[in-house]
There are 2 protein chains.
Amino acid sequence: MTASPFASRERTTKERILGAAETLFATHGFAGASLRQVTAAAKVNLAAVNYHFGSKDKLIEEVFRRRLDELNSRRLSALARIAGQPDTKLEDVLDAYIRPALDLSRTDGGAAAFVRVLARAYAEHNETLRRFLSDNYGHVLRQFATEFARQLPGLAKEDIYWRLDIVTGALTYAMADFGIIQRKNDVAERDHREQAAEHLIRFAAAGMRHPSISSSTATR
Amino acid sequence: MTASPFASRERTTKERILGAAETLFATHGFAGASLRQVTAAAKVNLAAVNYHFGSKDKLIEEVFRRRLDELNSRRLSALARIAGQPDTKLEDVLDAYIRPALDLSRTDGGAAAFVRVLARAYAEHNETLRRFLSDNYGHVLRQFATEFARQLPGLAKEDIYWRLDIVTGALTYAMADFGIIQRKNDVAERDHREQAAEHLIRFAAAGMRHPSISSSTATR
DNA sequence: GGGCGAATCAAACGATCGTTTGAGAATACG
DNA sequence: CGTATTCTCAAACGATCGTTTGATTCGCCC
């Protein structure tokens with residue numbers, strides 16, 4: 001069960017595979033990164049993937065689950081600290097939603113690569129993957145929507161979801177660092193991320209708050 | 001030079017390959033869709049791709065160029081109609097930026113698939129592709145930034161680009177129809193798109209307009 | 001310390017990948 | 001009509017893919 005103490009310098013074989021897979025999937029995509037690249041980067045034998053995970057698809061699933069569970073709980077615990085409180089502001093709720101996601105990309109571990117994997121997963125538009133994400137995030141989104149509704153009592157439930165959807169889009173985009181804004185050399189990575197978070201939160205707050213003309217059915 | 005008149009029922013071999021490639025790249029990704037799938041869907045011989053395009057990479061480039069040139073010119077002509085006019089509002093500029101992109105996904109042709117290809121390209125995060133997009137869109141973005149600066153005189157140039165970046169993220173996300181909001185059966189596809197466009201434009205207008213505290217250098 | 005399951009390894013499996021080849025069919029043009 | 005050019009086609013190329021195999025090594029426990 002336990003790994004041999006000196007078989008690897010730092011971590012177990014499973015963990016090294018997961019780390020290498022995360023990086024390579026982010027760079028070359030799921031189909032673009034081969035198991036030979038992954039096992040070479042992890043410095044393990046090729047057969048180790050199928051031995052420990054069963055197949056490449058199962059490995060991909062594990063890469064997701066490991067990070068999503070963490071992001072998931074961070075968001076919910078941040079929300080739990082402020083939900084229902086009388087002095088909670090809209091910006092605080094957005095912060096609980098946005099900051100754990102952006103923080104994920106600047107942790108010292110290999111988690112930074114995962115945000116690009118996640119963004120890529122959105123692009124894959126795979127129905128199986130969509131369902132997987134929906135199952136893992138559905139209740140999170142619902143909890144946030146409830147708190148947003150408390151913050152914006154004049155807004156229809158439908159509008160809440162529309163706007164939360166837009167925020168998610170901007171956040172996904174920002175997480176992957178697609179932006180046209182290139183970080184200058186004299187700005188540290190973490191400061192750049194912090195600026196992105198602040199801009200995004202303030203932008204989103206203004207967008208969420210703007211007066212609704214909800215009942216207007218789109219004609220066109 | 002010209003294609004044989006009856007070799008294909010509707011279009012030339014090159015066009016049928018481009019159409020099939022667009023659809024399959026959107027569904028399975030660039031690495032995930034094989035040339036055998038593409039040529040089978042296009043009902044042409046396998047060797048036709050390398051004959052007409054030279055390689056798979058060149059085919060991918062052509063898929064992009066065909067649609068980007070169209071989107072490019074539509075945005076610029078929409079901007080040209082309103083730029084510098086005294087009665088032009090912020091929403092109009094955003095409309096010129098957003099609507100051509102969203103319209104692309106509801107044209108009757110095969111263009112609908114391309115928006116997902118475009119979103120996937122962002123996720124690929126390939127440096128070569130990024131440069132390609134930057135070369136094709138750099139001047140477009142600069143022209144829009146100029147008009148946004150005229151609409152928002154109190155805003156620093158840097159903030160303009162930050163916020164325009166956020167809008168682009170939300171737009172890319174919306175174009176690919178990633179959203180959690182599922183279209184209901186009694187709402188037509190075009191009405192759904194129209195609603196998305198209106199929500200996005202109003203959201204973006206509020207976000208672009210909100211008061212700046214630009215000079216605050218991010219600490220932490 | 002001998003047996004046992006867990007883990008790692010090199011090697012090979014069949015399948016599929018992008019690309020190339022060379023012959024044949026279709027078209028253009030003198 | 002005959003030649004030249006353009007295009008299509010079936011077949012095969014070498015490379016690489018995910019996966020499997022069988023032997024070997026390692027750590028653990030009775």
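Lettering of chains follows the sequences in order, A, B, ..., and the numbering in each one begins at 1. Heavy atoms only: backbone and side chains are in, while hydrogens, waters and symmetry mates are out.
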- Under the salt bridge (Lys or Arg N to Asp or Glu O under 4.0 Å) rule, what pairs show up with a residue in residues 34-60 of chain A, not counting sequence neighbours? none
- Message: If I take atom CG in residue B/Leu24 and atom P in nucleotide C/dC17, what distance separates them, rounded to the nearest angstrom?
- Response: 12 Å
- Note on the structure: Rounded to whole Å, NE2 of A/His52 lies from C1' of C/dA7 at a distance of 6 Å
- Please determine if A/Glu70 and A/Arg66 form a salt bridge, counting it only when a charged side-chain N lies under 4.0 Å from a carboxylate O. no
- Indicate whether OP1 or OP2 belonging to C/dA7 is found under 4.0 Å from a side-chain N or O atom of A/Thr13. no
- Query: Should the ring pair A/Tyr97 and A/Phe144 be called parallel, tilted or perpendicular, given that the plane angle runs from 0 to 90° and is split at 30 and 60?
  - Reply: perpendicular
- Item | Atom-pair distance (CZ on B/Phe53; C1' on D/dC7), nearest Å | 14 Å
- Verdict with supporting geometry, B/Leu35 and B/Leu59, side chain to side chain contact (heavy atoms under 4.5 Å, CB included): CA-CA 10 Å; B/Leu35 292 186; B/Leu59 169 62; 4.1 Å; yes
- Message: Rounding to an integer number of Å, can you tell me how far B/Gln37 CD sits from C/dT16 P?
- Response: 11 Å
- Task: List the protein contact pattern of nucleotides 18-25 of chain D with one symbol per nucleotide (5' to 3'): B for base contact, S for sugar-phosphate-only contact, - for none; contact means a heavy-atom distance under 4.0 Å.
- Result: BBBB----
- Message: Angle between ring planes, A/His199 versus B/Trp162, binned at 30° and 60°: parallel, tilted or perpendicular?
- Response: parallel
- Ion pair A/Lys14/A/Glu62, N-O distance below 4.0 Å: no
- Before accepting this row, confirm whether a basic side-chain N of the pair A/Asp103/A/Arg99 lies closer than 4.0 Å to the acidic partner's carboxylate O. no
- Message: Do B/His139 and B/Leu76 have side chains that approach each other closer than 4.5 Å (heavy atoms only, starting at C-beta)?
- Response: yes
- For DNA chain D, what dot-bracket results from Watson-Crick or G-U pairs at under 3.5 Å, with [ ] for crossers and | for inter-strand partners? ||||||.||||||||||||||||||||.||
